[in-house]
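Have a look at the structure below, then the notes.
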Amino acid sequence: MSEDGMARLERLNSMLKRRSIILPAFEIHGGAAGMYDFGAIGGRLRNRVNQMWLEHWLSQGDVVEINCPTVTPYSVLEASGHVGEFSDFLVSCSKCGEASRADHLLESHLPNPDSLGKDELGAAIVKYQPECPSCHDIQWGEVSAQNLMFNTTLGAGSGGREAFIRPETAQGMFTNFQSLYRHFRQRLPFGAVQIGKGYRNEISPRQGMIRLREFNMGELEYFIDPEVEPSHDFSCWKEDIFSMLPDGQDAVNLSIPDALESGMIRHPTVAWFMARTADLLLKLGIDGKRLRFRQHESTEMAHYASDCWDAEIEGSYGWVECVGIAHRGCYDLEAHETHTGQRLKAWRGWAESVERKRTVVTIDGATAGPAFRSGAGDVKQALEELDSVPSTFPFILKLHGGESVEVLEEHIKVEERHEVINGEWFTPHVVEPAFGIDRIIWHLLDHAWTETEKNGEPYSLLALSPNIAPIDVAVLPLMEKGGMDILAKNLHLELCSLSGILSNYDASGSIGRRYARADEIGIPWCVTIDHQSLDDGSATVRNRDDQEQVRVSIEEIAALIHNGGMSERFS
RNA sequence: GCGGGUGUGGUGAAGUGGUAUCACCUGAGGUUUCCAACCUCAUGUCGUGGGUUCAAUUCCCGCCACCCGCACCA
């Protein structure tokens with residue numbers, strides 16, 4: 001970062017703190033790294049960004065909002081792969097209390113201990129009895145997962161169940177798949193969003209709000225049938241050109257439909273969410289010239305993903321990934337299905353039923369039952385999956401469990417079966433746009449903060465979009481007396497009573513000072529009640545960005561602020 | 001986690017082994033006050049814990065936080 005950039009960053013951070021937008025959390029207790037408060041102005045800003053994010057996705061018509069607990073049982077995150085990816089397994093020495101990495105202790109005993117799970121490591125430690133590096137004792141406690149996920153316990157005492165505070169919101173959408181599938185009356189595609197907190201116990205949080213330990217995120221999981229060609233309408237994005245960096249190569253400028261056409265974007269639904277994401281970011285107020293899409297290189301992509309694009313935004317910290325849009329295939333649903341035995345599939349009905357006559361080998365219950373006893377069910381399953389009727393007896397049949405049994409001719413019978421198949425179960429694929437809300441808010445502020453000069457003095461304003469401005473309007477009596485104060489207070493109360501509108505009444509200091517205060521926290525409109533207001537019921541409305549003023553009847557002001565029509569008065 | 005730097009009102013700074021100064025901001029009053037004007041008055045500070053000392057914001061040590069490298073990292 002340049003000297004100038006760093007100095008600007010310091011000034012911006014001072015302002016954010018001074019005006020109660022974003023400030024270090026728990027500061028009177030010495031602070032906590034990687035955590036921030038959204039203050040008197042910032043709290044509302046965050047809420048409006050969240051609200052716009054939600055409305056943007058729900059407006060698609062086939063997306064619902066859900067909300068799941070942040071405390072998540074161990075097995076959920078084990079199934080998702082987070083325990084393996086995000087954790088180191090630690091084990092404490094019972095004698096000296098020193099915690100060591102379980103896989104490091106076993107390095108001299110096993111080829112690649114870092115690939116082992118928690119239980120396997122525990123067993124290996126009992127078996128190989130490695131020495132404690134600090135006291136050389138061999139008494140070890142339980143293996144526990146540590147590190148990037150915050151761990152906790154569901155329930156008290158030794159009977160408590162191991163859990164984590166979630167590192168992302170996505171898993172809730174997968175664990176709810178059956179319920180969502182019913183809600184959408186078993187028709188794909190559909191999606192579910194969740195906006196909320198995620199937690200990662202980062203080793204060293206850095207760069208302000210860019211890497212946090214507790215962060216706001218919003219994720220959308222969109223489930224599709226991989227065999228159905230998606231029908232997305234890209235016509236309104238044909239003219240919108242974005243900077244794109246495909247697969248580690250240099251940037252090219254292309255529209256999203258063209259990038260899809262050329263094969264650079266590998267799936268239409270990924271392209272669709274890139275376009276919709278760009279729409280949202282621009283609507284929130286991100287500078288389009290400082291937005292680009294970068295495709296993950298194959299080496300950087302998770303093994304299950306087939307395409308992944310980041311929306312990156314340029315700000316004081318350079319280009320920062322703020323949104324990841326990934327085609328995750330069937331990975332997540334399959335993982336939860338494997339771990340739970342629950343069916344997480346969708347039904348694909350065929351246009352025409354298939355009738356099938358089939359010769360099936362099965363068991364003769366009367367003889368096979370006594371012969372195989374509790375194993376008879378497994379034998380039946382293995383037999384029915386055979387492609388042909390065995391020609392010689394006895395023969396060796398391999399079961400699913402891996403063991404083999406000897407089957408005699410008297411154990412089996414051959415049936416002709418008539419089957420009508422109307423469709424099939426399949427695991428839907430999922431496309432996941434994941435948003436780092438704090439990073440987006442940071443860049444909204446970074447892009448909106450404008451330092452200029454006014455009458456030779458430095459002057460700063462926050463040119464936030466009226467869509468997300470924390471306060472919609474300021475009402476300023478030119479003097480707080482003579483009836484101007486009463487008119488102004490009434491207007492202020494009228495504005496505050498409107499749904500979704502927040503007004504700020506400010507009567508202290510000169511009028512110029514009050515305009516400056518309003519500009520600094522991004523209030524789009526200032527209404528000044530002056531002497532003329534007392535005579536004809538009009539007031540001056542001032543625009544934040546160009547300081548233009550027009551006179552508007554006070555009676556009309558609330559409606560114009562409420563319906564967003566104020567800017568038309570300025571043309 | 002390693003190395004380097006930094007912590008003084010809300011913000012930005014000055015300074016000191018005898019509990020601290022300035023500007024801006026903020027608040028009250030005055031000024032027929034439309035872009036941080038002016039006058040009077042007021043609120044508010046040495047990150048934190050321990051040590052040395054009669055006395056520590058100042059010296060020493062630990063911790064916490066912030067910034068910069070490195071490492072780590074959806």
Side-chain angles (χ1 to χ4, degrees), chain A residues 1 3 5-7 9-20 23-36 39-40 81-82 85-86 88 147-149 167-170 198-208 210-213 215 217 219 296 300-302 305 308 310 316-317 320-326 432 434-436 439 452-461 474 476-484 506-520 526-534 539-544 546-551:
Chain A
M1 201 187 303
E3 295 272 319
M6 235 139 76
L9 188 56
E10 277 178 30
R11 291 192 299 274
L12 173 54
N13 277 326
S14 294
M15 188 281 287
L16 293 174
K17 188 175 176 189
R18 182 164 41 81
R19 299 308 306 269
S20 194
L23 46 164
F26 311 118
E27 208 183 13
I28 64 167
H29 285 271
M35 296 188 177
Y36 281 86
H82 285 94
E85 272 181 45
F86 276 62
D88 292 328
N147 217 348
L148 275 181
M149 290 194 288
E168 60 170 40
T169 61
Y199 301 80
R200 290 178 197 176
N201 206 356
E202 296 286 352
I203 295 163
S204 70
R206 276 293 173 75
Q207 299 182 305
I210 302 300
R211 177 167 301 142
L212 297 171
R213 291 201 168 125
F215 48 95
M217 65 190 317
E219 289 178 296
H296 281 210
E300 148 186 40
M301 206 149 46
C308 186
D310 287 343
S316 298
Y317 300 104
V320 172
E321 171 214 340
C322 293
V323 186
I325 301 165
E432 175 195 82
F435 289 69
R439 291 181 175 187
T452 57
E453 276 203 359
K454 197 154 156 182
N455 305 327
E457 296 283 305
Y459 194 88
S460 81
L461 68 95
L476 321 170
L478 193 59
M479 282 170 283
E480 205 176 24
K481 59 185 175 188
M484 288 179 268
D506 189 355
S508 94
S510 73
I511 194 70
R513 176 180 296 267
R514 285 179 268 165
Y515 285 147
R517 279 200 282 248
D519 287 345
E520 194 172 39
C526 287
V527 178
T528 303
I529 305 293
D530 55 19
H531 296 95
Q532 193 183 333
S533 310
L534 298 168
T540 306
V541 179
R542 170 188 180 273
N543 174 268
R544 176 194 63 203
D546 57 14
Q547 304 172 22
E548 289 289 306
Q549 299 191 164
V550 298
R551 283 203 85 83

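Protein chains get the first letters and strands the later ones, always in sequence-line order, with residue 1 at the start of each. Not measured: the values here are computed from a predicted model.
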In Watson-Crick or G-U wobble terms, both distances under 3.5 Å, what is the partner of [N]?
N	answer
B:U26	B:A42
B:C59	B:G51
B:C66	B:G5

Check this for me: does the side-chain of [X] come within 3.5 Å of the base of [N] through a donor and an acceptor?
X	N	result
A:Tyr459	B:C35	no
A:Arg18	B:C25	no
A:Arg542	B:C34	no
A:Glu10	B:C67	no

### Distance, nearest 0.5 Å, that separates CG of A:Leu9 from OG of A:Ser14
9.5 Å

### Task
State, without any angle test, whether A:Thr540 and A:Gln549 hold a side-chain donor-acceptor pair at a distance under 3.5 Å.
no

### Task
Could you tell me whether the side chains of A:Thr528 and A:Arg551 share a donor-acceptor contact shorter than 3.5 Å?
no

### Minimum heavy-atom distance A:Ala507-A:Pro477, with the two atoms named
CB-CG, 3.9 Å

Between [X] and [N], does any side-chain N or O lie under 4.0 Å from OP1 or OP2?
X	N	answer
A:Lys481	B:U33	no
A:Arg513	B:U26	yes
A:Lys17	B:U11	yes
A:Ser14	B:G12	yes
A:Arg200	B:C72	no
A:Ser510	B:A36	no
A:Ser508	B:G27	yes

Nearest to the side chain of [X], heavy atoms from C-beta on, is which of [options]?
X	options	result
A:Lys454	B:C34, B:C66, B:C35	B:C35
A:His531	B:U32, B:G27, B:C35	B:U32
A:Asn455	B:A36, B:A65, B:C34	B:A36

Can you tell me, in whole Å, how much space there is between the [atom1] of [N] and that of [M]?
N	M	atom1	answer
B:U26	B:C64	C1'	29 Å
B:G7	B:U40	C1'	36 Å
B:G50	B:U57	P	12 Å
B:G10	B:C68	P	24 Å
B:A55	B:G18	P	14 Å
B:A56	B:A14	P	25 Å
B:G27	B:C70	P	44 Å
B:U8	B:G15	C1'	9 Å

### Message
Please determine whether a side-chain nitrogen of the Lys or Arg among A:Glu520 and A:Arg19 lies less than 4.0 Å from a carboxylate oxygen of the Asp or Glu.
### Response
yes

#### Entry: Residues A:Arg513 and A:Asp506 bridged, charged N to O under 4.0 Å
no

#### Entry: Atom-pair distance (CE on A:Met6; P on B:C66), nearest Å
16 Å

### Task
Give A:Glu457 one of three labels, base, sugar-phosphate or nothing, depending on what nucleic acid heavy atoms sit under 4.0 Å from its own.
nothing

